[in-house]
Amino acid sequence: MVREMTFHINGQVYKKILDPSMRFIDVLRDHFQLTGTKEGCSEGECGACSILMNGEAVASCLLLAGQAEGAKIETIEGIVESGEYDRLLSAFMEIGAVQCGFCTPGIIVALKALLDHNPTPSETEIKVAISGNLCRCTGYKKIVDAVEFASSHSQNSKEDFALKGNLESLKEKMFGEQLEVRHV
Amino acid sequence: MQRVEVYYKPSKLDDAVQLLSHHPGAKVLAGGTDLIIQLNEWTVSPACLIDIGAIPELTGIRENNDSVVIGSMTRFADIASNAMIRENFRALSEAAGQVAAPQVRNRATIGGNVANGAVAADSVPALMALGATAELVSVDGTRYVPISELMLDLNKTAIRENEILSGIVLPKTKRISAFQKIGRRKAQAISRICLAVSLEMDESIVTDVQVAVGAAGRTAYLCPSVSEVLEGKPLNESTIEKACQAVEKKVREVLGARSTATYKSLIASASLERALLSLKDGEIYG
């Protein structure tokens, strides 16, 4: 049964007529065209669909629209657009923490949940934070390296890698071209 | 495609209980980390969902004179990070911190873990060993059932169709406890075995001990034969060895001719040894 629902996504309030028993990942991808959030395993094992709900990482494939209603939701699009994580995103590209890029949005989301309350995490803290995210390309080592690299440089220090070009190609990997809305 | 006909999100437990009594066959939605997978795969297709996630009285940890009550909607992330639980109910704290991964612990609830009745539910052996009781509320009133009697069979509990699991009652004792889990990897692992021990000592003599095993049989269970071996004796190399033999025998009996019997009985024994050694050395209290 559909009804009017209210969502707080990336700092904006939206109203949509939807079925509250839809999965929230389908709401994001099919009704908001926020396709940076990926669907991998559909059972909460891979972390590709991670989003932030009230500042905490959750799997959006294990969340219903009715559960997400009213909560403060942030997706990878909001995180990238904010510009606050450019250092981390660039480090991902520079250090080789991105290969196919499918897991990257979920990993960035999981890392934001960590870095927002712990800006200089230890290797173990980084590993625990991304323990719910699978990456089949990198072997994780380069991901941990990228986080350590990004957090060990202060925001004001002179950039030692090409920020802008890297970011554009990362966005292309994560968001691709706008997909047709999938019919459900 | 329409998944369910009606989705309720009551803000009071009384309302949730009324809704459940008026909608036989409705599914109660807690954190959803198990149920949503089942809905998505159409292995369950209820006409009605009752989301109990907006009921404040079901969330949080309350301390009474002789017990601690954990609301059924309390998330594993909150249990694992609670200092009082870590201090007094170490086995539960450890189990909560080892469930799946952060994304799941931020949603999954202790009530959902218990009510779902999954064979590898990590919190269940910890709750059994700690002597926990389930608080079940329905239009007929409230009743209390020990967790060790709640688990009937694979995915089957003694929770009635019109009942909502509202909380877990942990008796305050002087027990110390420990939890061990063996999976194929650290994060996101479905337990191959999970085992909890709680025990009470008088000087160096074990006066009371409970061992519970999960993921080795159709439900988790207590092992009274291990209690018999240890009670009235000190914890030393010889008594720990006998206890491990007893748990190995018990798991082997439960699993019978299943192909995993040899492996699981051996890792149950190894898990019990680790747990008892950690308690003996006094490294882990609570």
Side-chain angles (χ1 to χ4, degrees), chain A residues 1-3 5 18-26 30 39-71 106-107 109-114 117 124-134 140 183-184, chain B residues 1-11 26-55 73 75-78 80-81 97-109 112 183-190:
Chain A
M1 188 168 59
V2 297
R3 62 170 168 83
M5 303 190 70
L18 286 175
D19 174 359
S21 70
M22 284 182 75
R23 295 182 313 162
F24 194 61
I25 188 173
D26 298 328
D30 299 345
E39 179 160 11
C41 68
S42 315
E43 51 186 27
E45 294 275 340
C46 76
C49 68
S50 297
I51 58 167
L52 293 176
M53 182 172 175
N54 299 325
E56 296 173 323
V58 304
S60 63
C61 76
L62 299 186
L63 188 66
L64 297 185
Q67 294 178 301
E69 189 174 25
I107 287 182
V109 165
L111 286 169
K112 179 180 191 293
L114 168 72
H117 67 87
T124 305
E125 287 168 332
I126 297 166
K127 284 181 176 171
V128 171
I130 60 167
S131 62
N133 297 75
L134 295 180
Y140 307 102
H183 292 282
V184 287
Chain B
M1 203 187 305
Q2 186 100 348
R3 198 164 268 124
V4 301
E5 282 165 32
V6 209
Y7 184 102
Y8 292 109
K9 196 172 180 178
S11 56
K27 275 280 180 187
V28 176
L29 174 65
T33 54
D34 283 311
L35 182 56
I36 294 169
I37 299 172
Q38 295 164 14
L39 290 169
N40 193 45
E41 292 172 348
W42 296 94
T43 52
V44 294
S45 44
C48 170
L49 275 183
I50 302 171
D51 177 353
I52 57 171
I55 302 175
M73 287 299 291
R75 308 171 310 165
F76 280 121
D78 298 321
S81 65
Q98 290 182 47
V99 171
Q103 285 91 331
V104 173
R105 291 195 291 274
N106 284 335
R107 295 293 305 163
T109 66
R184 290 195 168 101
R185 62 197 287 265
K186 263 189 193 165
Q188 294 287 32
I190 307 288

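Note on naming: letters A, B, ... go to the chains in the order of the sequence lines (proteins, then strands), and numbering restarts at 1 for each one.
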Measure Leu35(B) against the heavy atoms of chain A and call it side chain, backbone, both or neither at under 4.5 Å.
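It is neither, since no heavy atom gets under 4.5 Å.
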
Residue pair [X] / [Y]: nearest heavy atoms and the distance that separates them:
{"X": "Pro102(B)", "Y": "Ala129(A)", "value": "CG-O, 4.2 Å"}
{"X": "Ala101(B)", "Y": "Gly132(A)", "value": "CB-CA, 3.3 Å"}
{"X": "Ser42(A)", "Y": "Ile37(B)", "value": "O-CG1, 4.3 Å"}

Check whether Ala113(A) gets within reach of chain B through its side chain, its backbone, both or neither, counting any heavy atom under 4.5 Å.
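Neither part.
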
Holding to ring-ring contact (aromatic ring centres under 6.0 Å, His included), I want the full list of residues that pass it with Tyr8(B), two or more places apart in sequence or in another chain.
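Partners of Tyr8(B) by the ring-ring contact (aromatic ring centres under 6.0 Å, His included) criterion, ordered by chain and then number, come out as His23(B).
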
Give every donor-acceptor pair under 3.5 Å between a side-chain atom in residues 49-67 of chain A and any protein atom, sequence neighbours left out.
residue, atom, partner, partner atom, Å
Ser50(A), OG, Gly47(A), O, 2.7
Ser50(A), OG, Gln103(B), NE2, 2.9
Asn54(A), OD1, Lys72(A), N, 2.9
Glu56(A), OE1, Arg75(B), NH1, 2.6
Glu56(A), OE1, Arg75(B), NH2, 3.4
Glu56(A), OE2, Arg75(B), NH2, 3.1
Ser60(A), OG, Cys49(A), O, 2.7
Gln67(A), OE1, Leu64(A), N, 2.9
Gln67(A), NE2, Ala30(B), O, 3.2
Gln67(A), NE2, Gly31(B), O, 3.2

NZ (Lys112(A)) with more than 12 external heavy atoms under 6.0 Å
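Yes - once you tally the heavy atoms of other residues, nucleotides and ligands closer than 6.0 Å, there are more than 12.
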
Is it true that, when you exclude Arg185(B) itself, more than 12 heavy atoms of the residues, nucleotides or ligands shown sit nearer than 6.0 Å to its CZ?
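More than 12 within 6.0 Å, yes.
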
Quick one: are Glu45(A) and Gln188(B) in side-chain contact, heavy atoms under 4.5 Å?
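Yes - at least one pair of side-chain heavy atoms lies under 4.5 Å apart.
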
For chain A, which of Leu39(B), Thr33(B), Leu49(B) has the most heavy-atom pairs under 4.5 Å?
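Among the listed options, the one with the most contacts to chain A is Thr33(B).
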
